[in-house]
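What you see below is based on every heavy atom in this structure, not just the backbone, and it leaves out hydrogens, waters and symmetry mates. First the proteins, then the strands, lettered A, B, ... as listed; each starts at 1.
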Amino acid sequence: MTTSRRRVMTKPGLKRTFQRLLRHYGPQHWWPADAPFEMMAGAVLTQNTAWSNVARALSNLTKRGLLAPETIIELPNERLAELVRPAGYFNVKARRLKNFCAWYLEQGGYEVLSSLATPDLRRRLLSVNGIGRETADDILLYAFNRPVFVIDAYTRRLFTRLGHICGSEDYETLRNMFETKIGPDVPLYNEYHALIVRHAKEICRKLPRCSECCLALHCPFSV
DNA sequence: ACCCAGGGTCATA
DNA sequence: TATGACCATGGG
């Protein structure tokens with residue numbers, strides 16, 4: 001007898017929550033990018049930033065045919081900062097983007113990186129100044145199709161309010177928990193994270209600081 | 001005018 | 001290990 005059998009009036013499981021989100025919102029088609037490198041650049045630029053702003057920054061680069069590690073690495077910091085300006089933190093992000101590009105080229109590019117085992121690839125991503133846990137995991141999942149469950153602030157809030165976690169667990173603990181409970185499943189992780197973000201945009205902006213209902217699936221304003 | 005966004009680094013205790 | 005300051009644009 002599995003443990004899921006014991007749910008009576010309690011919270012829905014992780015997969016159940018996923019099904020409800022998917023049924024309500026439909027597939028989100030993440031990550032919005034035409035190529036792995038574009039996805040990775042977007043991951044750096046979207047740190048604590050609305051995607052609409054990131055899209056402008058990416059557009060500034062693509063319009064000029066500059067969205068490649070070889071070209072970005074050659075741009076003067078001031079010029080790159082001006083191009084990514086709409087994404088905010090432009091000085092910081094110009095530097096981080098360059099750091100990443102330098103690393104990416106010195107590692108040998110996408111094909112070489114693809115041949116690495118996930119833990120190794122993750123460690124190398126984290127060694128880049130400007131790539132933290134969440135950004136590394138975004139890249140692992142959406143650019144390298146690795147079964148890595150991304151933990152962001154929305155994920156914490158949602159599952160805290162659903163009662164799965166207390167919320168103060170550290171990043172690795174939560175990632176491990178979700179990956180263990182769900183099991184390795186790239187398409188599911190992909191869609192799940194996208195749906196969580198979609199749900200947050202949908203509900204949370206309408207109900208700022210709603211500690212009880214916001215992001216909770218049983219909430220009348222929710223799914 | 002205020003709040004927030006698809007975080008991360010660095011200095012400090 | 002764990003806070004806090006800092007980075008900065010654009011939309012609600």
Side-chain angles (χ1 to χ4, degrees), chain A residues 18 21 25 27-34 36-61 77-104 122-144 146 148-160 166-175 178 188-211 214-215 221:
Chain A
F18 171 74
L21 286 168
Y25 294 111
Q28 302 299 302
H29 308 294
W30 268 34
W31 186 292
D34 294 329
F37 179 76
E38 181 180 342
M39 182 275 144
M40 302 186 224
V44 172
L45 293 175
T46 199
Q47 290 170 357
N48 202 38
T49 300
W51 183 257
S52 56
N53 290 356
V54 178
R56 293 180 180 176
L58 287 173
S59 168
N60 283 342
L61 293 168
N77 287 344
E78 282 189 353
R79 173 105 158 86
L80 184 56
E82 197 53 37
L83 291 166
V84 301
R85 181 183 185 117
Y89 308 129
F90 48 83
N91 289 313
V92 172
K93 285 179 178 175
R95 183 160 31 85
R96 290 182 183 172
L97 194 51
K98 271 193 159 185
N99 288 343
F100 174 74
C101 289
W103 170 85
Y104 186 79
R122 189 170 196 270
R123 271 192 296 273
R124 295 192 195 202
L125 282 165
L126 289 173
S127 76
V128 181
N129 187 298
I131 307 288
R133 269 101 47 128
E134 188 180 334
T135 305
D137 290 346
D138 275 335
I139 291 173
L140 286 165
L141 177 59
Y142 290 102
F144 290 98
R146 304 304 173 92
V148 173
F149 198 94
V150 178
I151 307 295
D152 64 353
Y154 293 147
T155 308
R156 279 181 191 278
R157 281 153 66 187
L158 174 58
F159 292 106
T160 298
C166 76
S168 57
E169 298 92 340
D170 65 49
Y171 187 97
E172 305 298 339
T173 300
L174 286 180
R175 188 171 63 85
F178 281 101
L188 183 102
Y189 291 1
N190 179 319
E191 196 61 47
Y192 212 152
H193 180 60
L195 284 166
I196 290 167
V197 174
R198 171 64 189 279
H199 185 56
K201 280 184 190 165
E202 205 73 30
I203 303 303
C204 217
R205 295 194 62 80
K206 293 178 186 169
L207 299 171
R209 300 175 182 282
C210 172
S211 60
C214 176
L215 286 179
F221 301 100

Whole-angstrom distance between [N] and [M], as gauged at atom [atom1]:
N	M	atom1	answer
C/dG12	B/dG6	P	12 Å
B/dC3	C/dA5	P	15 Å
C/dA8	B/dC4	C1'	13 Å

With sequence neighbours left out, what residues match [X] under ring pair (Phe, Tyr, Trp, His ring centres under 6.0 Å)?
X	value
A/W103	A/F100
A/F178	A/F149, A/F159
A/W31	A/W51, A/Y142

**Study point:** Paired and unpaired positions of DNA chain B as dot-bracket, Watson-Crick or G-U wobble under 3.5 Å, | denoting a partner strand
**Key:** .||||.|||||||

Practice item. Go through the structure and list residues passing side-chain hydrogen bond (donor to acceptor under 3.5 Å, both in side chains) with A/T135, not counting sequence neighbours. Key: A/Q47

Exercise for review: Give a yes/no answer on whether the side chain of A/R157 brings an N or O atom under 4.0 Å of OP1 or OP2 in B/dC4.
Suggested key: no

Check your understanding: Expressed in angstrom and rounded to an integer, what is the separation of A/Y89 atom OH from B/dG7 atom C1'?
Key -> 8 Å

Check your understanding: Rounded to the nearest Å, what distance is computed from the NZ atom of residue A/K93 to the C1' atom of nucleotide B/dG6?
Key -> 10 Å

**Study point:** Of the listed nucleotides C/dA8, B/dG6, C/dG10, the one nearest the side chain of A/F90
**Key:**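 The closest nucleotide is C/dA8.
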
Exercise for review: Please determine, for the side chain of A/N91, which listed nucleotide (C/dA8, C/dG11, B/dG6) has the closest atom?
Suggested key: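 When the side chain of A/N91 is considered, C/dA8 is the closest of C/dA8, C/dG11, B/dG6.
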
Check your understanding: Quick one: salt bridge (charged side-chain N to carboxylate O under 4.0 Å, His left out) pairs with a partner in residues 135-144 of chain A, sequence neighbours left out?
Key ->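 The answer is A/R122-A/D137, A/D137-A/R175.
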
Point to revise | side chain to side chain contact (heavy atoms under 4.5 Å, CB included) involving A/A81 - partner list, sequence neighbours excluded | key: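 Expected list: A/F90, A/N91, A/A94.
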
Review point. How does protein contact run along nucleotides 8-13 of chain B, one letter per nucleotide 5' to 3', with B for base contact, S for sugar-phosphate only, - for none, heavy atoms under 4.0 Å?
Key: BSS---

Check your understanding: Who pairs with A/E82 by salt bridge (Lys or Arg N to Asp or Glu O under 4.0 Å), at least two apart in sequence or on another chain?
Key -> A/R85

